[in-house]
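In what follows, every heavy atom counts, from backbone to side chain, and hydrogens, waters and symmetry copies are set aside. Note that this is a predicted model, so its numbers are computed, not measured.
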Amino acid sequence: MGHVSLVKTLTSSTLPKSFLCLRKLQGLSAPISSVQYRRYSSRVEYNPIRSVLVANRGEIAVRVFRACSELGIKSVAIYSEQDKMQMHRQKADESYLIGKGLPPVQAYLNVPQIIKIAKENNVDAVHPGYGI
């Protein structure tokens, strides 16, 4: 069951003039109440990250794999045909070919195939990497 949380807001007299002018420009001429009540749910579900797919290659991916290993998280790599012997593929717990027949950059930017691999292998999170 939810509970009522009291959220105190600023009154019109304590707001900066720029904010009040912005409210007038937006057509919000109604006065700001000094106290608002909001209902929040007290039930929160936490799902731990057990596996991470790194959508990148090279040193960035290797660093993410090292961090995953230290945290006890399974790492998943994607690789293009040209990168099948690269270190990032060897350092990951699992690796999957992506973009068959495509140049490396286009293979790593194939978002629908990355999502498909993540879903098929029950990956909890995708790390976008850096660059490319």
Side-chain angles (χ1 to χ4, degrees):
M1 172 154 302
H3 66 279
V4 176
S5 175
L6 180 67
V7 179
K8 191 170 184 176
T9 60
L10 298 171
T11 61
S12 296
S13 61
T14 60
L15 289 172
K17 288 183 180 179
S18 59
F19 181 79
L20 295 175
C21 291
L22 178 63
R23 285 182 55 82
K24 287 182 182 179
L25 287 174
Q26 293 174 340
L28 301 172
S29 58
I32 299 173
S33 63
S34 59
V35 178
Q36 291 179 337
Y37 293 94
R38 295 184 184 167
R39 186 170 296 275
Y40 294 100
S41 172
S42 60
R43 190 173 143 230
V44 178
E45 290 184 34
Y46 294 99
N47 294 322
I49 295 175
R50 296 177 310 264
S51 60
V52 174
L53 183 146
V54 179
N56 207 316
R57 60 183 177 165
E59 181 63 23
I60 298 298
V62 172
R63 289 181 186 204
V64 174
F65 297 149
R66 185 181 314 134
C68 288
S69 176
E70 290 173 4
L71 294 170
I73 298 171
K74 180 178 79 172
S75 58
V76 179
I78 54 173
Y79 65 95
S80 66
E81 289 176 316
Q82 294 84 353
D83 291 336
K84 65 183 173 184
M85 298 307 291
Q86 295 298 317
M87 185 180 292
H88 81 282
R89 180 181 176 211
Q90 310 303 324
K91 294 287 186 182
D93 296 323
E94 296 177 9
S95 60
Y96 299 97
L97 176 64
I98 190 165
K100 192 171 184 176
L102 293 174
V105 173
Q106 290 177 347
Y108 289 100
L109 294 176
N110 190 341
V111 176
Q113 194 170 7
I114 293 171
I115 293 171
K116 180 182 174 194
I117 289 171
K119 286 182 176 181
E120 287 175 353
N121 297 288
N122 298 318
V123 174
D124 296 321
V126 176
H127 187 287
Y130 178 79
I132 297 187

Return the minimal non-hydrogen interatomic distance between [X] and [Y], and the atom names on each side.
{"X": "H88", "Y": "I78", "value": "NE2-O, 3.1 Å"}
{"X": "D93", "Y": "K74", "value": "OD2-CA, 3.3 Å"}
{"X": "S75", "Y": "A92", "value": "OG-CA, 3.5 Å"}

Co-members of V64 in a cluster of I, L, V, M, F, W and Y side chains, linked at under 4.5 Å: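 Its cluster partners, ordered by chain and number, are I49, V52, V54, F65, L71, I73.
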
Check against side chain to side chain contact (heavy atoms under 4.5 Å, CB included), Y96 and L53: CA-CA 10 Å; Y96 299 97; L53 183 146; 5.7 Å; no

K91: partners by salt bridge (charged side-chain N to carboxylate O under 4.0 Å, His left out), with sequence neighbours left out: none

Residues that D124 engages under salt bridge (charged side-chain N to carboxylate O under 4.0 Å, His left out), provided they are two or more places apart: R50

Non-hydrogen side-chain atoms of E94 and S51 separated by less than 4.5 Å: no

Side-chain heavy atoms of V105 within contact of R57, under 4.5 Å: yes

Linked, directly or transitively: V126 and V76 (ILVMFWY side chains, under 4.5 Å): yes

Side chain to side chain contact (heavy atoms under 4.5 Å, CB included) partners of E81, counting only residues at least two apart: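 E81: side chain to side chain contact (heavy atoms under 4.5 Å, CB included) contacts with L97, K100.
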
Counterpart residues, side chain to side chain contact (heavy atoms under 4.5 Å, CB included), relative to K84 (two or more places apart): Y79, R89

Side chain to side chain donor-acceptor pair (under 3.5 Å) involving R63 - partner list, sequence neighbours excluded: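 If we apply the side chain to side chain donor-acceptor pair (under 3.5 Å) test to R63, skipping adjacent residues, the hits are E59.
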
Acceptor/donor pairs from residues 111-120 side chains to any protein atom, 3.5 angstrom cut, sequence neighbours excluded:
from	atom 1	to	atom 2	distance (Å)
Q113	OE1	G99	N	3.0
Q113	OE1	N110	ND2	3.1

